[in-house]
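Here the structure is a predicted model, which means the values were calculated and not measured. Chain letters run A, B, ... following the sequence lines, proteins first, then strands; residues in each count from 1.
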Amino acid sequence: MAERLGRPVPPDQRRHKGWVGQLVEAALGGEAGSAAGPDFPHLGVELKTIPVDARGAPRETTFVCAAPLTVLGQLTWAESPVRAKLARVLWVPVQADPEVPLGERRLGSPCLWSPSPEEDAALGADWRELSGLVADGYVETITAHRGQWLQIRPKAAHARIRTWAPDDEGDPIRTLPRGFYLRTRFTARILAAHYRLPSSG
DNA sequence: TTTTGATCATCC
DNA sequence: GGATGATCAAAA
């Protein structure tokens, strides 16, 4: 695929972390680097490549969107950017065995997914828990341990970047930018259901 | 500088 | 080994 698109394959992903995602997006004709919104606006589809191990299980969490810390307390789940992003996702599994050179890794058949009512409710519960903590001024104490399916983690070029967030009195403080991520246990269930993968080894 | 694309690398 | 916190690049 890289060859057809004339894209050189990097030796590894240490300095090219988004390479696979960008390659697949280009191959499918997504508007490269388009602004906010789905990758395929006319279809309302968000494209996500997902690195999988030999069993088909995700090797990494999935970034969803930046956490708008200052307004999180004023958004409902229905209005949340997390829900909007995940409304319709095309998951593209990518072989991610480090033993296999990047240029030789295989793509899986994609899975077009929307949250079931149960999944939507579960994500909404996590969203409310995390958003409530941020709105109450606990952003600095939230760790990625919080949230059953969704988590909040740093999302920044490096640890000295700052953005705004509310403190416990609602006044603005400077803090590390955060993002919402899907835990592997969530994406693992999506893939297991779609591909009927074995639940264990 | 921010957004979009994620994986790295260390810790537990 | 898996998850958490840190980090990297391209494009707008």
- Looking at every strand, decide which applies to Arg14(A) at a 4.0 Å heavy-atom threshold: base, sugar-phosphate, or nothing. sugar-phosphate
- Item | Proximity to the side chain of Glu25(A) - top-ranked nucleotide from dA9(C), dT7(C), dG5(B) | dG5(B)
- Query: Checking all strands, does Gly21(A) fall into the base, sugar-phosphate, or nothing category for heavy-atom contacts under 4.0 angstrom?
  - Reply: sugar-phosphate
- Item | Polar contact flag, side-chain donor to acceptor under 3.5 angstrom, Glu140(A)-Thr175(A) | yes
- Message: Using a 4.0 Å heavy-atom cut-off, does Pro177(A) contact any base of the nucleic acid, only the sugar-phosphate backbone, or nothing at all?
- Response: nothing
- Query: Hey, is the side chain of Tyr181(A) pairing donor to acceptor with the base of dA6(B) inside 3.5 Å?
  - Reply: yes
- Item | Per Ala159(A) side chain, nearest of listed nucleotides dT7(C), dG2(C), dT7(B) | dT7(C)
- Message: Let's see if you can work this out: which of dA6(B), dT4(C), dA9(C) has an atom nearest to the side-chain heavy atoms of Thr49(A)?
- Response: dA6(B)
- Taking atom types as modelled and ignoring hydrogens, do the side chains of Glu119(A) and Trp113(A) form a donor-acceptor contact shorter than 3.5 angstrom? yes
- Parallel, tilted or perpendicular for Tyr181(A) and Phe63(A), by the 30°/60° rule? perpendicular
- Message: Among dT4(B), dA6(C), dT4(C), which nucleotide has an atom closest to any side-chain atom of Leu176(A)?
- Response: dA6(C)
- Query: Using a cut-off of 4.0 Å on non-hydrogen atoms, how would the nucleic acid contact of Ala156(A) be classed: base, sugar-phosphate, or nothing?
  - Reply: base
- Message: Can you see if the side chain of Gln151(A) gets near the phosphate of dT4(C) - specifically, an N or O under 4.0 Å from OP1 or OP2?
- Response: yes
- Message: Please pick, from dT4(B), dA6(B), dT4(C), the nucleotide with the shortest atom-to-atom distance to any side-chain atom of Lys17(A).
- Response: dA6(B)
- Message: Counting only side-chain nitrogens and oxygens, does Arg183(A) get under 4.0 Å of the OP1 or OP2 atom of dT4(C)?
- Response: yes
- Item | Side-chain donor-acceptor contact under 3.5 Å, Arg153(A) with Thr61(A) | yes
- Message: Is it the case that the base of dG5(B) and the side chain of Lys155(A) share a donor-acceptor contact (distance under 3.5 Å, atom types as modelled)?
- Response: yes
- Message: Students often get this wrong, so: under 4.0 angstrom with heavy atoms, is Gln13(A) touching a base, only sugar-phosphate, or nothing?
- Response: sugar-phosphate
